[in-house]
Amino acid sequence: MAHTEAFGSDVQRAAESLRKGGLVAIPTETVYGLGANATDDDAVLRIFEAKGRPAFDPLIVHIGSLEQLHTVVSSFPEKARLLAQAYWPGPLTFILPKQDSISDLVTSGLPTVGVRMPRHSLTLQLLQSLPFPLAAPSANPFGYISPTTVAHVQAQLGDKLDYILDGGACEVGLESTIVGFENGGVQVLRLGGLSVEEIEAVAGPVSVANSSTSNPTAPGMLSSHYAPGKPLLFGEIDSLLSEHVGKNFQLLVFRDLHGQPGKVLSASGNMNEAARNLFSMLRELDASDCSIILAEKVPNEGLGRAINDRLNRASSRR
Ligand code: TXA
Ligand code: MG
């Protein structure tokens, strides 16, 4: 029943597939998601199968309205309320105590659930037309680079999907920032498309979990994740270049290639543009005929922090 040709901007068709327990790729402002009915265990199982995702890696539940929130979480602290008011719909996921109706499959047996309201008009329409929320991880095979265009989704998961809802290229280009609320504070568990500065402006000082290699509750924090197939080295540009003289490399730099081969994330130094370009450029470099990718560290501010986090994880395998 599934076939790669099945994409378009038909929200009703997407809704029909989802009502029948199907898998539909959905556009969001961050990356494309691989969506299914979060209240249907068979549908949720199909997500894990399609992605090759281990069952210990919980899914984010996507909602289209605040009313729906109460079907997903059992409590909503004041700081979450303030953050939702400021940034939902948007690239921010909350980890909160789950409602009984959310199955252990979605949360990998955890008592908490990840929930967010994505900022994309087609997906909001879709979510508002359905009587259930959607569980959706990023629409890529487990461990690989997240998709920011329909072509990325088709290339890797097209034959496993019932429909791809085409919402164009993702506006932010990095996965959502994930936050938890323990002991009255706010913890950033995964850096992402909403900057730490923006979160602190609303919630006050937050803690940022370091890129753990072993935290079993957040595999998005595993050190080898978001990785291309080719070896990628990450660091300061001068040392990367001096260590690889004469090698068949391509560079991924923030602003300027200095005459070397590769890709520029943002010639004007715009960090949001750099974030938007990151995953597409990584894929292009991965598909090029170089034998190694050398990625420059970008300034550690705004979304630059999340960009460095992803590049660091993409490299840490070697
Ligand atoms: O922007 C995004 O967040 C995208 C779009 C599609 O919404 N989704 C996404 O999902 O990046 P995924 O599954 O690729 O990453 C979700 C991360 C995983 O690393 C998972 O471990 C973590 O969220 N997560 C989900 N539920 C959790 C929970 N209850 N406790 C801790 N971590 C959780
Ligand atoms: Mg992912």
Side-chain angles (χ1 to χ4, degrees), residues 23-36 38 44 47-48 50-64 72-74 87-99 102-120 123-124 126-127 133-148 152-153 156-157 165 167 170-182 187-194 209 211-212 214-227 275 279 303 306 309-310 313-314:
L23 288 185
V24 172
I26 54 171
T28 82
E29 80 284 28
T30 60
V31 301
Y32 271 79
L34 176 55
V44 171
I47 293 179
F48 284 91
K51 259 191 86 103
R53 182 175 176 115
F56 61 77
D57 194 358
L59 304 174
I60 293 175
V61 174
H62 295 69
I63 56 172
V72 180
V73 306
S74 61
Y87 297 120
W88 273 6
L92 178 63
T93 295
F94 298 146
I95 305 297
L96 289 169
K98 76 176 190 76
Q99 278 291 4
I102 299 295
S103 97
D104 282 346
L105 264 183
V106 171
T107 66
S108 304
L110 294 171
T112 55
V113 62
V115 63
R116 85 177 189 101
M117 192 188 294
R119 188 178 70 222
H120 191 291
T123 293
L124 283 172
L126 174 66
L127 288 165
L134 294 178
S138 51
N140 51 283
F142 184 70
Y144 194 66
I145 305 163
S146 292
T148 54
H152 295 165
V153 177
Q156 291 182 308
L157 292 178
L165 187 58
C170 299
E171 180 196 324
V172 174
L174 291 173
E175 300 86 351
S176 61
T177 302
I178 302 181
V179 300
F181 301 90
E182 278 183 3
Q187 300 84 38
V188 172
L189 303 173
R190 177 179 74 180
L191 293 164
L194 189 70
S211 338
S212 159
S214 60
N215 183 343
T217 64
M221 300 171 63
L222 288 174
S223 67
S224 172
H225 215 73
Y226 312 104
F279 290 153
L303 296 189
D309 171 82
R310 297 301 187 275
R313 290 169 206 276

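This structure is a prediction, so every number in the text was calculated from the model and none was measured. Note that the numbering runs from 1 along the sequence shown for the chain. Order of appearance sets the numbers: ligands from 1, and atoms from 1 within every ligand.
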Exercise. State whether S138 contributes an N/O/S atom found under 2.8 Å from the Mg ion (ligand 2).
Key: yes
Quiz item: Which ligand 1 atoms does G33 reach within 4.0 Å, using its non-hydrogen atoms?
Solution: 6 (C)
Quiz item: Out of L174, I95, I178, which residue meets the side chain to side chain contact (heavy atoms under 4.5 Å, CB included) rule with R190?
Solution: I178
Exercise. For Q99 and V73, indicate whether the former's side chain and the latter's backbone hold a donor-acceptor pair under 3.5 Å.
Key: yes
Practice problem: Determine, stepwise, if the pair T123 / T28 fulfils side-chain hydrogen bond (donor to acceptor under 3.5 Å, both in side chains). | Solution: CA-CA 7 Å; T123 293; T28 82; over 6 Å; no
Quiz item: Heavy atoms, side chains only, cut-off 4.5 Å: are N140 and I145 in contact?
Solution: no
Quiz item: What distance do T112 atom OG1 and I102 atom CD1 have between them, rounded to the nearest 0.5 Å?
Solution: 12.0 Å
Quiz item: For ligand 1, is there an N or O atom under 3.5 Å from any N or O atom of S176?
Solution: yes
Quiz item: Could an N or O of ligand 1 be found under 3.5 Å from any N or O of R116, whether backbone or side chain?
Solution: yes
Exercise. Answer whether the closest heavy-atom distance between the side chains of M117 and L124 falls below 4.5 Å.
Key: yes
Quiz item: With backbone taken as N, CA, C and O and side chain as the heavy atoms from C-beta onward, which portion of L189 lies under 4.0 Å from ligand 1: side chain, backbone, both, or neither?
Solution: neither
Practice problem: State the atoms of ligand 1, each with its element, that fall below the 4.0 Å cut-off from a heavy-atom position in T112. | Solution: 28 (C), 29 (N), 30 (N)
Self-check item: Non-hydrogen side-chain atoms of V115 and W88 separated by less than 4.5 Å
Solution: yes
Quiz item: Within a strict 4.5 Å, meaning less than it, do heavy atoms of the T148 and Y32 side chains meet?
Solution: no
Quiz item: Taking both backbone and side-chain atoms of D57, is any N or O found less than 3.5 Å from an N or O belonging to ligand 1?
Solution: yes
Quiz prompt | Proximal ligand 1 atoms for S138, defined as those under 4.0 Å from one of its heavy atoms | solution = 8 (N), 9 (C), 10 (O), 12 (P), 14 (O)
Self-check item: Atoms of ligand 1 close to H62 [distance to a heavy atom under 4.0 angstrom, numbered from 1]
Solution: 5 (C), 6 (C), 7 (O)
Quiz item: Any non-hydrogen atom of R53 lying under 4.0 Å from ligand 1?
Solution: yes
Quiz prompt | Nearest option to atom 24 (N) of ligand 1, as decided by whichever heavy atom of P58, A135, P97 sits closest | solution = P58
Self-check item: Side chains of S176 and T30, donor plus acceptor under 3.5 Å
Solution: no
Exercise. Decide whether the shortest distance between a heavy atom of T107 and an atom of ligand 1 is less than 4.0 Å.
Key: no
Practice problem: Please identify which atoms of ligand 1 are closer than 4.0 Å to at least one heavy atom of R190. | Solution: 2 (C), 3 (O), 9 (C), 11 (O), 15 (O), 16 (C), 17 (C)
Quiz item: Going by the atom numbers of ligand 1, which of them fall below 4.0 Å from some non-hydrogen atom of L110?
Solution: 28 (C), 29 (N), 30 (N)
Quiz item: If you measure from the Lys or Arg side-chain nitrogens to the Asp or Glu carboxylate oxygens, is any gap between R116 and E175 under 4.0 Å?
Solution: no
Quiz prompt | Nitrogen or oxygen atoms of T30 and ligand 1 under 3.5 Å apart | solution = yes
